[in-house]
Protein chains: 2
Amino acid sequence: MRSRHMGGPPWWHGRFRGCGYRFTVPRQAILDVLSGTLKHLSAEDIYFAVHKTYPNVGLTTVYRTLELLVHMGLVFKFDFGDGRARYELSEGPKGARHHHHLVCTSCNRVVDYTDFIDEEVELLGRTEKGLSDKFNFKITNHLIQFYGLCDKCRNSQ
Amino acid sequence: MRSRHMGGPPWWHGRFRGCGYRFTVPRQAILDVLSGTLKHLSAEDIYFAVHKTYPNVGLTTVYRTLELLVHMGLVFKFDFGDGRARYELSEGPKGARHHHHLVCTSCNRVVDYTDFIDEEVELLGRTEKGLSDKFNFKITNHLIQFYGLCDKCRNSQ
DNA sequence: ATATAAATGAAAATCATTTTCAATAACACT
DNA sequence: AGTGTTATTGAAAATGATTTTCATTTATAT
């Protein structure tokens, strides 16, 4: 597969090389898909999206790349309870697009929210500090989700 | 399978009947296992534990019962990233055993913590209220987890 | 006791994810 | 630009947790 002049954050390349990894076309393509959406894509979703431009990138590569990206901390993997993992470009607590999730336990709909985030993040920071000290963990991330019945589901049943 | 005089919270029986479900021996046994441990058991763990006393309860029934218990809100299902779901008797935010989790992303070890919980729960309550109003969700539960490298993993690599 | 519908167990099916392995591509070095 | 080394890739097969199927059993109302 031929390399192209790559768009997107140029530091991705350096980030990969810095870890001893190669910045290949499939990896670039997967990052492009993730950075171009606000949705919660599954591996298969990403596979189809990449497939439009690069039909010979396989699903296996998508899985392998996602695992790598999660390991590098560039991507966060979520479980919303519908039997398949979901992936999002990880945006640190100070990032503009940082959000948490509200998950409907009936239809699995996921709503992102950014309100209340600031207070949450502030408290999380303090908790994080306390936990690191007490348990000697090197904390790299957190997850907050609320579960319940969405508008539609609470009315329809 | 013969019914026995049942120990454990007697309201379980009523809770089941109230939902139109039968309170069977396998269901009781599974609840007994869950209420007798502080660990994060997988469906298979529970199957083995139940099997000691009731060798003819099948894994299928364990899965089906867990799904029901989660649906009834008696049990919470977790994903710690090791490819199998984990289950805990759900103890509401005010419960004595209510806790959150600290997950090692390298070895998947899970540490329960109860410190900092009060503040977290207080904030979560407020957030919950705000979210309910804004998105018209009926919120029934929340999940907070921290991720990072545990003591051992941060030193060994 | 009996009827009825819910619950169960064993086996088979499903389906997301991983593994295997030979072929290919990225990059360091000329 | 050409070459060698090694990481990366793709296709197919394997894995393994969870679900489904369906005939049998059990709880409970009558």
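Chain A is the first sequence line, chain B the second, and so forth, proteins listed ahead of strands; every chain is numbered from 1.
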Rounded off to whole Å, could you give me the CD-to-C1' distance for the Gln28(A) and dT9(D) pair?
17 Å
Parallel, tilted or perpendicular: which describes the rings of Phe78(B) and Phe80(B), with under 30° parallel and over 60° perpendicular?
parallel
Quick check on dA7(C): is either OP1 or OP2 less than 4.0 Å from any side-chain nitrogen or oxygen of Thr24(B)?
no
Contact list (N/O, under 3.5 angstrom) for nucleotides 28-30 of chain C vs protein:
from, atom 1, to, atom 2, distance (Å)
dA28(C), OP1, Arg17(A), NH1, 3.0

Euclidean distance, atom CZ of residue Phe23(B) to atom P of dA7(C) [Å, nearest integer]
13 Å
Looking at Glu91(A), I'd like to know if its CD atom is crowded, meaning that more than 12 non-hydrogen atoms belonging to other residues, nucleotides or ligands lie closer than 6.0 Å.
yes
Pick out the pairs of N or O atoms, protein on one side and nucleotides 17-20 of chain D on the other, that lie under 3.5 Å.
from, atom 1, to, atom 2, distance (Å)
dA17(D), OP1, Arg84(B), NH2, 2.4
dT18(D), OP1, Ala85(B), N, 3.0
dT18(D), OP2, Tyr63(B), OH, 2.4
dT18(D), O5', Tyr63(B), OH, 3.3

Any donor-acceptor pair under 3.5 Å linking the side-chain atoms of His40(A) with those of Asp112(A)?
yes
Separation of dT9(D) P from Ile30(A) CD1 (nearest whole Å)
8 Å
CE of Met72(A) versus P of dT8(D): gap in Å, rounded?
10 Å
With a 4.0 Å cutoff (strictly under), does any side-chain N or O of Arg27(B) reach OP1 or OP2 of dA27(D)?
no
Distance check: side-chain N/O of Arg22(A) vs OP1/OP2 of dT6(D), anything under 4.0 Å?
no
Out of dA5(C), dG9(C), dC27(C), whichever nucleotide has its closest atom nearest the side chain of His13(A)
dC27(C)
To the nearest Å, give me how far apart CG (Leu66(A)) and C1' (dT8(D)) are.
15 Å
Round to a whole Å and report the spacing from CZ of Phe16(A) to C1' of dA25(C).
16 Å
Any side-chain donor near an acceptor of the partner, Asn108(A) and Asp82(A), under 3.5 Å
no
Side chains of His100(B) and Glu120(B): is there a donor and an acceptor less than 3.5 Å apart?
yes
